[in-house]
Amino acid sequence: MNTSRRKSPRSRLRTAAASAAAVALAATGLAALPSSANAAADGIVVQYRTSASGASADQSEPWLKVRNAGSTSVPLSSVKVRYYFKADSASAAYRFACSWAVKGCANITGTFGTLASPTATADRYLEIGFTPGAGSLAPGADTGDMQLRFHQASWASLIQSDDYSFGPDRTTYGDWSKVTAQVNGSLVWGEAPAGNGPTDPPDPTDPPTDPPGDGARLFDDFNYSSHTDPKINANGWSVRSNSGGPGVPGATWAAENVTFASQSGNSVMNLETSTAGTGASTKHTEVLTQSMKFKNGTYASRVKFSDAPRSGPDGDRIVQTFFTINDLKAPMADDYAEYDFEYLPNGGWGEPANILYATSWETYRPDPWEAVNAHSEVRASYAGWHDLVVTIDNNQITYYVDGQHFGTHGAAFLPERPMSINFNQWLIDLEGQPSTTPRSYDQQVDYVLHVKDQVLTPAQVNALVGSYRSAGKTFEDTVPGS
């Protein structure tokens, strides 16, 4: 498969419907919030008004301002604001739009999440975030108007009279505690719906840890001798050598740069990407399943990311991945699907430093670029080994890193067709490091697991992988073809 789609997960969709600039972007995870907070710690206050005050409406219009009532400057990129509402049906999908904003709509993101503990007035939320381009709020300053709105994807009328954060009489701006604000993940303003405090929802990593006894599975410990080992093809994998995207124009996909070695008793797959600062010298790597037969269920892998090259100068905008994907039948086709873990050790796509993304794709158009996706991210180093898990059921997509919840994306992004499972490492461009000195980067993979139509906790994944290794079984594939 030629995965030439690869663009920034922050890309935005603008639809023609009602001239709405519909954006589907995600939050930095859906971990439960503390139930309430005052404006004290970081001095953040959220003000609210509505320009659609009816009990029902074509679209809800929560207009917001974020004010810094503290004594120190606050980067807006560290601020997340949540507006809570009751979905019109369990299957309802929503779209966000920014009509106008003092800070510029291009600097405002919106995504929808699902509450861990639904109430009579809230089971979803809209989370508003800011790009670095929004700048900082000095003491006493506010964002000015953010004229925001959201609607059902079908444009059916929505009921807002039963929405937790809705205030029908709020026709002018005022402090509003039914909208919450976080700074760097800590709640600093507002009151979340009851039952959504940090100790209320169950921990998804809690026992049971016994591996499930049924369900079709793919497990591979990557116990191969080289990229030419005939077992690779026999076990359903392809080591990519065909040309094309993503990455640096003119680069090749070097099958010989996929190698295998024993580490601590386990066979580990290594993907090496190298360059000497030109397209012709750049070699990307990718390993993927031959079949697109994987859909709902649990996907897991243990992956080693690296912040520095194995040799040569650092600084390249490299992408290290574990993902599932199917083919785009036509621009903006609604049966496209893709679910990514992407680590950028040196930044890229507008990010200045290391960042880990988890992104769920609904669709895209390559030219001119247009995308519908949701992403969660953490700006931190992830160098070293990490357990990556993504689960897909009939309601949502949930991502975990090292047993901890990383993000959840809603029903609008669920897959319509089966997908392949992929690992690749590639360079976004050559602008991060202009040197012509040769350098190479490694991404390593310990194992991969898929359990069809079953949602496993990270603890259950670990138990299941442990059972394979205790039995000395290095490969199994009972997942039926699509």
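Atoms considered below: every heavy atom in the structure, side chains included; atoms not considered: hydrogens, waters and symmetry mates.
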Item to complete: Please report the C-alpha distance between F323 and L288 in whole Å, then the side-chain angles of each, then the deciding distance to 0.1 Å, and finally whether the side-chain contact (heavy atoms from CB on, under 4.5 Å) criterion is met.
Response: CA-CA 9 Å; F323 64 103; L288 64 156; over 6 Å; no
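- In terms of modelled atom types and a separation under 3.5 Å, the side chain of S238 and the main chain of R240 share no donor-acceptor contact.
- E351 and R379 are joined by a salt bridge, as a carboxylate oxygen and a charged side-chain nitrogen come within less than 4.0 angstrom of each other.
- Two rings, from F423 and F322, have their centers less than 6.0 Å apart.
- Between T275 and T282, the side chains place a donor N or O and an acceptor N or O closer than 3.5 Å (distance only, hydrogens not considered).
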Item to complete: Evaluate the criterion side-chain contact (heavy atoms from CB on, under 4.5 Å) for residue pair V319 and I428; output intermediate values, then yes/no.
Response: CA-CA 7 Å; V319 184; I428 296 172; 3.5 Å; yes
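- K86 pairs with exactly one of T121, L158, I159, D123 by the side-chain contact (heavy atoms from CB on, under 4.5 Å) rule, that one being D123.
- No donor-acceptor pair closer than 3.5 Å links the side chain of S470 to the backbone N or O of S467.
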Worksheet item: Are L356 and F406 close enough, and set up right, to give a side-chain contact (heavy atoms from CB on, under 4.5 Å), and what steps lead you there?
Response: CA-CA 10 Å; L356 177 63; F406 191 86; 3.9 Å; yes
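- For the 3.5 Å distance criterion, the side chains of S420 and N422 qualify, holding a donor opposite an acceptor.
- Qualifying salt bridge (charged side-chain N to carboxylate O under 4.0 Å, His left out) partners for K304, counting only residues two or more places apart in sequence or in other chains: none.
- Evaluation of the side-chain contact (heavy atoms from CB on, under 4.5 Å) rule for D307 yields Y343, P345, N354, S381, A383 as partners, not counting sequence neighbours.
- Ring centroids of F96 and F112 are separated by 6.0 Å or more, keeping the two rings apart.
- Annotation: salt bridge (charged side-chain N to carboxylate O under 4.0 Å, His left out) contacts of K473 (sequence neighbours excluded): E476.
- A salt bridge between R365 and D367 is absent, with no side-chain N of the basic residue lying under 4.0 Å from a carboxylate O of the acidic one.
- Taking the six-membered ring for Trp and thresholds of 30 and 60 degrees, Y83 and F150 have ring planes more than 60 degrees apart, a perpendicular arrangement.
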Fill in: Step-by-step side-chain contact (heavy atoms from CB on, under 4.5 Å) determination, M332 to V372
CA-CA 9 Å; M332 302 303 287; V372 183; 4.1 Å; yes
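- With a 6.0 Å cutoff to the six-membered ring centre and a 45° limit on the axis angle, K452 does not count as a cation-pi contact of F294.
- Under 3.5 Å, the side chains of T278 and S281 contain a donor-acceptor pair of N or O atoms.
- Here the closest heavy-atom approach between residue N394 and residue L414 is recorded as O-CD1, 3.2 Å.
- Between Y357 and W349, the two ring planes are tilted [angle within 30° to 60°].
- S435 and T437 form a side-chain donor-acceptor contact under 3.5 Å, judged by distance and modelled atom types alone.
- In this structure, S165 contributes its side chain and Y84 its backbone to a donor-acceptor pair below 3.5 Å.
- Side-chain N/O atoms of H409 and T398 include no donor and acceptor closer than 3.5 Å.
- Relative ring orientation between F219 and Y468 is described as parallel, the plane-to-plane angle staying below 30° on a 0-90° scale split at 30° and 60°.
- Checking Y94 against D88 by side-chain atom types alone, a donor-acceptor pair falls below 3.5 Å.
- Side-chain N or O atoms of T273 include one that pairs as donor or acceptor with a backbone N or O of Q425 at under 3.5 Å.
- For F222 and W237, the ring centers sit closer than 6.0 Å to each other.
- Aromatic pair Y339/W361: centroids not less than 6.0 angstrom apart.
- Under the side-chain hydrogen bond (donor to acceptor under 3.5 Å, both in side chains) criterion, N270 pairs with D442, Q444, sequence neighbours left out.
- To the nearest 0.5 Å, atom CG of residue N223 and atom CG of residue N266 are 9.0 Å apart.
- Look at K283 and E272 and you find no salt bridge, because none of the NZ, NE, NH1 or NH2 atoms lies under 4.0 Å from a carboxylate O.
- D477 meets the salt bridge (charged side-chain N to carboxylate O under 4.0 Å, His left out) test with K293; sequence neighbours excluded.
- Partners of D335 under the salt bridge (charged side-chain N to carboxylate O under 4.0 Å, His left out) rule, at least two apart in sequence or in another chain, are R417.
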